[in-house]
Amino acid sequence: FRLDRSQGGPAERQLIEVREGHPTVLARAPGGYAPEQWVRLALQVHDGFLTAWIDGEPVLRARTDAFGQGKFGLFAQGCPGAQFDDVLVEPAAGFIEDFRIPSIGKWRDVGGVWQTQPKAGAAFRYKKEAGASLSLTGPGTWRDYSFRATVTPDQTASVGLCIGYR
């Protein structure tokens with residue numbers, strides 16, 4: 001993850017993968033940093049996604065198979081100095097699902113019949129029959145979490161997210 005300060009052009013945030021010495025920009029967005037101001041940077045690698053966070057807000061996300069194991073590092077370039085403080089590296093307990101990769105046992109259908117359907121380079125999960133349906137994922141021990149989803153209901157549907165199911 002690289003956070004640039006403007007050097008005469010627009011400042012930019014980038015997620016960069018380097019393989020065999022060759023950099024590839026995985027994601028980019030406008031934005032940079034102010035010199036002499038602390039920011040909290042974080043990276044999360046989970047289920048083939050790399051997400052960069054600044055001050056608790058996700059700012060970049062990319063799919064990649066390059067991460068998941070290996071060493072952690074700090075990076076600075078083109079500046080006379082950089083300070084890093086309170087570095088913490090820990091396993092990510094996150095959960096991301098885009099339904100593009102089949103995963104047997106990841107979801108448990110409690111009510112109704114569900115199916116995963118590929119569509120134009122993406123995928124989605126949908127219920128196949130009338131009536132109430134519920135499909136669950138994750139361990140019953142999850143605590144203190146938040147989640148979000150993109151949902152497209154049909155004209156007569158009721159849809160929602162379920163938390164704390166036992």
Side-chain angles (χ1 to χ4, degrees), residues 1-6 9-33 39-78 84 87-109 113-128 133-154 157 159-163 165:
F1 175 51
R2 184 166 76 187
L3 184 61
D4 287 336
R5 184 168 57 109
S6 177
E12 189 171 61
R13 301 168 178 161
Q14 296 178 337
L15 284 175
I16 301 170
E17 173 186 321
V18 180
R19 287 192 191 210
E20 299 178 11
H22 301 287
T24 301
V25 176
L26 301 175
R28 62 175 16 119
Y33 69 92
V39 294
R40 183 171 298 275
L41 303 178
L43 291 175
Q44 180 182 30
V45 180
H46 190 71
D47 279 353
F49 283 95
L50 173 63
T51 305
W53 302 69
I54 297 177
D55 293 330
E57 296 293 323
V59 294
L60 291 171
R61 185 168 185 244
R63 177 174 277 289
T64 179
D65 64 356
F67 304 99
Q69 62 185 16
K71 298 184 181 194
F72 169 83
L74 304 174
F75 173 80
Q77 178 182 4
F84 295 87
V87 175
L88 173 66
V89 180
E90 60 186 352
F95 177 84
I96 296 172
E97 177 68 88
D98 72 358
F99 300 113
R100 286 190 279 185
I101 301 170
S103 52
I104 296 172
K106 196 172 191 180
W107 289 87
R108 180 171 60 98
D109 299 340
V113 177
W114 290 78
Q115 184 173 346
T116 300
Q117 177 70 43
K119 181 179 180 181
F124 60 93
R125 188 156 171 85
Y126 70 98
K127 70 183 204 107
K128 289 183 64 173
S133 297
L134 179 62
S135 190
L136 302 171
T137 191
T141 57
W142 273 355
R143 300 283 185 270
D144 301 325
Y145 55 88
S146 63
F147 64 103
R148 64 180 171 225
T150 301
V151 180
T152 306
D154 67 18
V159 299
L161 302 173
C162 174
I163 61 172
Y165 183 88

Problem - Non-hydrogen atoms of Thr64 and Glu17 that approach each other most closely - result: OG1-OE1, 3.0 Å
Handout entry: For the student: nearest non-hydrogen atoms of Pro23 and Ile16, plus distance
Key = CB-CG2, 3.9 Å
Problem - Polar side chain donor-acceptor pair, Thr51 to Gln44, under 3.5 angstrom - result: no
Please report the interatomic distance [atom1]([X]) to [atom2]([Y]), rounded to the nearest 0.5 Å.
X: Trp107; Y: Thr116; atom1: CH2; atom2: OG1; answer: 9.0 Å
X: Leu15; Y: Arg61; atom1: CG; atom2: CZ; answer: 11.0 Å
X: Leu60; Y: Glu12; atom1: CG; atom2: CD; answer: 9.0 Å
X: Gln14; Y: Thr24; atom1: CD; atom2: OG1; answer: 11.5 Å

Practice task
State, yes or no, whether a side-chain contact exists between Ile54 and Glu57 at a heavy-atom distance under 4.5 Å.
Solution key: no
Problem - Residue pair Leu50 / Leu43, side-chain heavy-atom distance below 4.5 Å - result: yes
Exercise for the section: Using side-chain hydrogen bond (donor to acceptor under 3.5 Å, both in side chains) as the criterion, list what pairs up with Ser135, not counting sequence neighbours. Expected result: Asp109, Arg125
Practice task
Quick one: list whatever passes side-chain hydrogen bond (donor to acceptor under 3.5 Å, both in side chains) with Arg40, sequence neighbours left out.
Solution key: none
Problem - All salt bridge (Lys or Arg N to Asp or Glu O under 4.0 Å) counterparts of Arg63, not counting sequence neighbours - result: Asp98
Handout entry: With Arg108 via salt bridge (Lys or Arg N to Asp or Glu O under 4.0 Å) - residues at least two apart
Key = none
